[in-house]
There are 2 protein chains.
Amino acid sequence: MKLSESKLLDALIAQAKLSKKHTEKQQKIVEAAIQIFAEKGYANTSTSEIAKVAGVAEGTIFRHYGTKDNLLLSVILPFFKETFPVMAEEVFIEIASNVESFEEFLKAFLKNRIAFFLENKAIARVVVKELIYNEELKKDLLPFLSENFLSRVHKVADYFIERGEFIDIPAERIVKMVITFVGGFLVSRLVFLPDYTVTDEEIDDAVRLVISGIGKKDDGTE
Amino acid sequence: MKLSESKLLDALIAQAKLSKKHTEKQQKIVEAAIQIFAEKGYANTSTSEIAKVAGVAEGTIFRHYGTKDNLLLSVILPFFKETFPVMAEEVFIEIASNVESFEEFLKAFLKNRIAFFLENKAIARVVVKELIYNEELKKDLLPFLSENFLSRVHKVADYFIERGEFIDIPAERIVKMVITFVGGFLVSRLVFLPDYTVTDEEIDDAVRLVISGIGKKDDGTE
DNA sequence: TCGTATTGTGAGTGAATACTCACTTATTTT
DNA sequence: AAAATAAGTGAGTATTCACTCACAATACGA
């Protein structure tokens, strides 16, 4: 009932292994679920409504997914399977080494992630909403995110710190603040402003401000 | 059923006018509702549970609040009644004029708001969650927020722009980015990291980074 | 073509839910 | 103190919900 028992990652691994074959009806069910979950949220969506929109009998949902919670997982997990590989260490390193400065890295990374999120806007919204709503999912996912994502940002930051690109403050603070800004940027534009389209110019703008700050640089006072 | 019909602000004004007298039981009900809404979300909370936690009969809830939606409003509205006066123009101006720089202004403002949000952590969480989940509430509230909050930040920014404190980019961008960061800061720390306590040092840190950026400056500032 | 497994169905089920109402208890007004 | 109003109660109600199950249709290898 609560999505709480099953550790998210176990589910991810389990599902990854037995790469299911989707029937036509299953596809319809998942599409309908994504659409309605994104619109009204998981808790406010009934399985009967999903069935109606998908054009299948309600029983068919339970034949394939067993429970409503499991259907949510089946919607969310493929999103993560696509999300995390891009956040893999090699990819980070590759972007970082193909780029002259941290500014360029941030731009490239943000553009890449925003494009992906815009392509999968509905699922992204489902995930963020559930992440905020569902304490259990959050407890499962946040440690995983910080282990993977955070540590990789950290590594990249270290790389540019060594090259003397940053002001002289601890890497932890830089990482923390960059993540806060990037997270705030993504969440505000994808969740709070649902019909917003992020332009490349805006990304350039945002990154430039993170790097340069908004204060004037020529006076030496603090 | 959907909180959708009633315009939020109408409700705010209406409620403000007839400053209800709270009975002891009403107080208990609201306290219980805040606590459980914050924990599990509005949609996942039943009125019977609220009644049980509050130690009243379920009927008592409906005697006073009529519907569950209305109870949610009765929880949320006082929060806004406390939030918005602080965001009133005079207060903004006062903070701005008692302060030497935009950096100091931001610090003062953030410390003030974070203190308030920490004091009302549970309600803040309910509001943010519902804001994300409830499209209708969002449609009601976001325009109001942008009219009030955004325009005031804009005014303050203009003030400091005139004093030549910022790099030479349009005020809109500055405002947008500052709000993105401040919003991301608040949401990430209050909603995603529920047990997080924000220290003054961290606020100083964050603001300094917004002002100065993370890039190294040529002229050896700071 | 038959047998078996998989996929699909929708009426049915018990539990839960928001809300009602006839009633009792407490408070205020006269 | 009597009457009137408001606060509080909890069993009851209609509806919705996630989920089941006996059965039907389809796919598919032998």
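Below, read A as the first sequence line, B as the second, and so on, with proteins coming before strands; counting in each chain starts at 1. Nothing here was measured: the structure is a model prediction, and the numbers come from that model.
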**Student:** Consider the side chain of A:Phe62, meaning its heavy atoms from C-beta on, and name the nucleotide among D:dC19, C:dT17, D:dC17 that approaches it most closely.
**Tutor:** D:dC19
**Student:** Could you list, one pair per line, each protein nitrogen or oxygen that sits under 3.5 Å from a nitrogen or oxygen of nucleotides 9-13 of chain D, together with the distance?
**Tutor:**
from, atom 1, to, atom 2, distance (Å)
D:dT9, OP1, B:Lys25, NZ, 3.1
D:dT9, OP2, B:Ala57, N, 3.1
D:dT9, OP2, B:Thr60, OG1, 2.7

**Student:** Counting only side-chain N and O atoms of A:Thr23, is one of them less than 4.0 Å from OP1 or OP2 of C:dG8?
**Tutor:** yes
**Student:** Have B:Arg189 and B:Thr197 got a donor and an acceptor in their side chains that come within less than 3.5 Å?
**Tutor:** no
**Student:** Can you pull the salt bridge (Lys or Arg N to Asp or Glu O under 4.0 Å) pairs that have at least one residue in residues 41-61 of chain A, sequence neighbours excluded?
**Tutor:** A:Lys40-A:Glu49
**Student:** Ignoring the backbone of A:Thr47, work out which of D:dA18, C:dG8, C:dT17 is nearest its side chain.
**Tutor:** D:dA18
**Student:** Can the ring centres of A:Phe116 and A:Phe79 be said to be less than 6.0 Å apart?
**Tutor:** yes
**Student:** Rounded to whole angstrom units, what separation is found between the CG atom of B:Asn44 and the P atom of C:dT17?
**Tutor:** 10 Å
**Student:** In terms of heavy-atom contacts, does NZ of A:Lys111 have more than 12 from other residues, nucleotides or ligands at under 6.0 Å?
**Tutor:** yes
**Student:** Please identify each residue that fulfils side-chain hydrogen bond (donor to acceptor under 3.5 Å, both in side chains) with A:Ser46, with sequence neighbours left out.
**Tutor:** A:Ser48
**Student:** Just N and O in the side chain of A:His64: are any of them under 4.0 Å from OP1 or OP2 of C:dT7?
**Tutor:** no
**Student:** Does a donor on one side chain and an acceptor on the other come within less than 3.5 Å for B:Gln27 and B:Glu31?
**Tutor:** yes
